[in-house]
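Scroll down for the structure; my scribbles are underneath it.
Here the structure is a predicted model, which is why all the values come from computation and not from measurement. So that the names make sense, note that chain A is the first sequence line, chain B the second, and so on, each numbered from 1.
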Number of protein chains: 2
Amino acid sequence: MGTGSRPTGSRSTSGYSAWRMIADELRGEIVGGTVPPGSKLASETELAQRFDVHRHTVRQAVAALAADHLVVARRGSGTFVAEHTVLVHRIGLRTRLTDSLGPRGAAASGRLLESAVETAPPADIAERLRLADRPALRLELVRSVDGLPIARGTAWLDAERVPGLVEHYGPEGSMTAALRAVGIQDYLRDSTMISGRAATAAEAAELELPAGSMVLVVRALNTLPEGSPLLYNVTRFAAARVELDVQHSIDAP
Amino acid sequence: MGTGSRPTGSRSTSGYSAWRMIADELRGEIVGGTVPPGSKLASETELAQRFDVHRHTVRQAVAALAADHLVVARRGSGTFVAEHTVLVHRIGLRTRLTDSLGPRGAAASGRLLESAVETAPPADIAERLRLADRPALRLELVRSVDGLPIARGTAWLDAERVPGLVEHYGPEGSMTAALRAVGIQDYLRDSTMISGRAATAAEAAELELPAGSMVLVVRALNTLPEGSPLLYNVTRFAAARVELDVQHSIDAP
DNA sequence: TCAAGTTGTCTAACTTTCTCGACAACTTGA
DNA sequence: TCAAGTTGTCGAGAAAGTTAGACAACTTGA
């Protein structure tokens, strides 16, 4: 670290560079609404004074925000807060990833990375899907909007209940459509757990995120209307690109 | 960075130190269930080989995990995955922060940092609470469990609708109890938005987190049973300590 | 046209991180 | 008891990453 006093966490700031902390600070103000979209950010000189660092350090922070498409720098005139383009993912009783992606949902596309039948799935998966000793079907998925990856998911199903599912998982990558093709018309969201952490290297690569980016981990169990478990999903959303909208009311699809 | 090949994001790994990436990797495996609680982590020598770094670098990563109470190192025998102690926060139609904190909810305590009547609240707040030109009451809160801060919240209310609320917000810090004291018996969760980002310096300090830690931002609007808005909450949870449990079914309080 | 203010680029100095080696302290099982 | 394997500690050198200062290129408004 440098010499001056600057925003400092309570402990162990070590290894977390000044420009990163400044970027976090500015990001908080931007997404928190303190600096509205379209407005001009304080100049690099002013920000350097405010955080008591060299202008170049501020530039690095601003560059990071620009890489996230949060701001746009224009030489000669200034740096401006971009229009917020976070996607909104609805979570409700009848959540479908495909049709839940806000205004730009049309451009969404899913891609099946891999599928496999696991004869010995992890114990927690087997328990949640009440597999007993039946094999599990595992799907590895990536969902993108406008060419930008949004989420990396792992889906688990009872392999014997959804024969031929993989063949029906088309290029648009709709789980709902694939399930319909194997005779399952409707399913409901049973439970949803949400947590957050830093992305692993593999996740960061697959989501085209810089190292150390945040992911929102959504673990969801979907059941058939009569209650038996059908689909267990573990989805890692790029936190910088997605916001989750929890639906409480009795479901308006 | 060093010379060897190691887990590397798709772009801009710069400034994100090797030990941090290794820590993210191990954290992903631990919370993802690949390495179950109680099991022994690979030895520092093995991990150094696996990530192609010096043992000292691995030690720094493991030290970070130990600071998060995710692992416990025992000299002579090894490093072990700790029992998971994340708190579970339920989010549902009748969510109350006070009574939603899993098995250890009893030890929870809230603290009022500051309260103020804002004659000119932010536009988005005024709109959500349908304030017109009435003043808003703003409460700044910190919630801790076992002495460890869990969440940092900002609550907004219509100041004229809840006169004397602050005086009733006791040392246990229950919003529900305070509202009851001013005559509001029941309220419902209307909408909940969840996002994630790195903590700002102030948030990290208040939550006693290392710089750059992740927060889950939950923005919730609560209404009276008849539908008029009552309480707008912006709560930042320490992602390392809390998991959100979304309740979909018709509410079992 | 010009001055002031802005972002972009370059080179150099600095600080931190990472590497490397060696040894100590402790636990476990043979 | 002992050997093997583990985490803990120390010191010093090398390689990054980070910060700093000066100047160029561009925009805007007077």
Side-chain angles (χ1 to χ4, degrees), chain A residues 1-9 12-24 26 35 39-67 70-82 210-212, chain B residues 1-9 11-26 35 39-67 70-82 210-212:
Chain A
M1 300 279 308
T3 47
S5 70
R6 57 182 72 98
T8 287
S12 165
T13 99
S14 92
Y16 205 69
S17 42
W19 70 263
R20 243 166 228 281
M21 291 169 67
I22 293 170
D24 292 345
L26 296 176
V35 244
S39 70
K40 186 159 167 287
L41 219 62
S43 79
E44 295 175 351
T45 320
E46 287 172 326
L47 289 174
Q49 283 185 344
R50 169 179 160 197
F51 291 113
D52 194 18
V53 295
H54 191 262
R55 200 192 115 221
H56 200 64
T57 311
V58 168
R59 280 184 61 70
Q60 206 150 358
V62 172
L65 298 180
L70 239 70
V71 299
V72 176
R74 279 201 280 276
R75 178 196 285 213
S77 66
T79 304
F80 299 84
V81 179
Chain B
M1 300 281 310
T3 48
S5 69
R6 57 182 73 99
T8 285
R11 55 170 170 156
S12 166
T13 100
S14 93
Y16 205 69
S17 38
W19 69 262
R20 242 168 230 280
M21 291 170 67
I22 294 170
D24 292 344
E25 203 68 32
L26 296 176
V35 239
S39 70
K40 186 159 166 286
L41 219 61
S43 79
E44 295 174 352
T45 319
E46 287 171 325
L47 290 174
Q49 284 184 344
R50 169 179 160 194
F51 292 113
D52 193 18
V53 295
H54 192 262
R55 197 190 123 221
H56 199 66
T57 310
V58 167
R59 280 185 61 71
Q60 204 150 1
V62 172
L65 297 180
L70 239 70
V71 299
V72 177
R74 279 201 280 273
R75 175 192 286 210
S77 66
T79 304
F80 299 84
V81 179

## Note on the structure
Rounded to whole Å, CE of B/M21 lies from P of C/dC18 at a distance of 11 Å
### Message
Measure NE2/A/H56 against C1'/C/dA13 and give the value in whole Å, please.
### Response
13 Å
#### Entry: Separation of atom NZ in B/K40 from atom C1' in D/dT6, rounded to whole Å
7 Å
### Query
Under 4.0 angstrom, heavy atoms only, what part of the nucleic acid is A/T45 near: base, sugar-phosphate, or nothing?
nothing
### Query
So how far is it from B/K40 NZ to B/T79 OG1, rounded to the nearest 0.5 Å?
8.0 Å
### Query
Nearest to the side chain of A/R59, which nucleotide is it out of C/dG8, C/dC18, D/dT19?
C/dG8
#### Entry: B/A61 versus B/W19, closest heavy-atom pair with distance
CB-O, 3.3 Å
### Task
Would you tell me if any nitrogen or oxygen in the side chain of B/W19 comes within less than 4.0 Å of OP1 or OP2 on C/dT17?
no
### Task
Report the distance from atom OH of A/Y16 to atom C1' of D/dT18, rounded to the nearest whole Å.
15 Å
### Atom-pair distance (CD1 on A/I22; C1' on D/dA20), nearest Å
14 Å
### Summary
Picking from C/dC18, D/dA20, D/dA22, the nucleotide nearest the side-chain atoms of A/V53 would be D/dA20
## Note on the structure
In short, B/L65 meets B/A23 closest at the heavy-atom pair CD2-O, 3.8 Å
### Task
Fill in the dot-bracket string of DNA chain D, one character per base: . for unpaired, | for a pair to another strand, ( ) or [ ] for pairs within the strand, taking Watson-Crick or G-U pairs under 3.5 Å.
||||||||||||||||||||||||||||||
#### Entry: Given C/dT6, D/dT9, D/dT6, the nucleotide with the shortest approach to the side chain of B/S43
D/dT6
## Note on the structure
Each nucleotide of nucleotides 24-30 of chain C classed B (base within 4.0 Å of a protein heavy atom), S (only sugar-phosphate) or -, in 5' to 3' order, makes -BBB---
## Note on the structure
What one should report as the nearest heavy-atom pair of B/D24 and A/G212 is OD2-CA, 3.9 Å
### Closest approach of A/V53 to A/V58 (non-hydrogen atoms, all atoms of both residues)
CG2-CG2, 3.8 Å
### Query
Which whole-number value in Å describes the distance from A/Q49 CD to D/dA20 P?
13 Å
Listing, residues 44-51 of chain A side-chain donor-acceptor contacts under 3.5 Å, not counting sequence neighbours, or none:
residue	atom	partner	partner atom	Å
A/E44	OE1	A/R55	NE	2.8
A/E44	OE1	A/R55	NH2	3.1
A/E44	OE1	A/R59	NH1	3.4
A/E44	OE2	A/R59	NH1	2.9
A/E46	OE1	A/S43	N	3.0
A/R50	NH2	A/E29	OE2	2.5

### Query
So does B/T79 get a side-chain nitrogen or oxygen closer than 4.0 Å to the phosphate oxygens (OP1/OP2) of D/dT7?
yes
### Query
What are the two closest non-hydrogen atoms of A/V35 and A/V81, and how far apart are they?
O-CG1, 4.1 Å
### Query
Minimum heavy-atom separation for A/M21 to A/Y16, with atom names?
CG-CD2, 3.3 Å
### Task
Give the rounded distance in Å between these two atoms: CD of A/E46 and C1' of C/dT7.
14 Å
### Task
Identify which nucleotide among C/dT19, D/dT7, D/dT18 has an atom closest to any side-chain atom of B/R55, counting heavy atoms from C-beta outward.
D/dT7
### Message
Is the phosphate of C/dC18 approached by B/T57 (side-chain N or O, under 4.0 Å from OP1 or OP2)?
### Response
no
### Task
For B/H54 and C/dA22, give me the distance from atom NE2 to atom P, rounded to whole Å.
11 Å
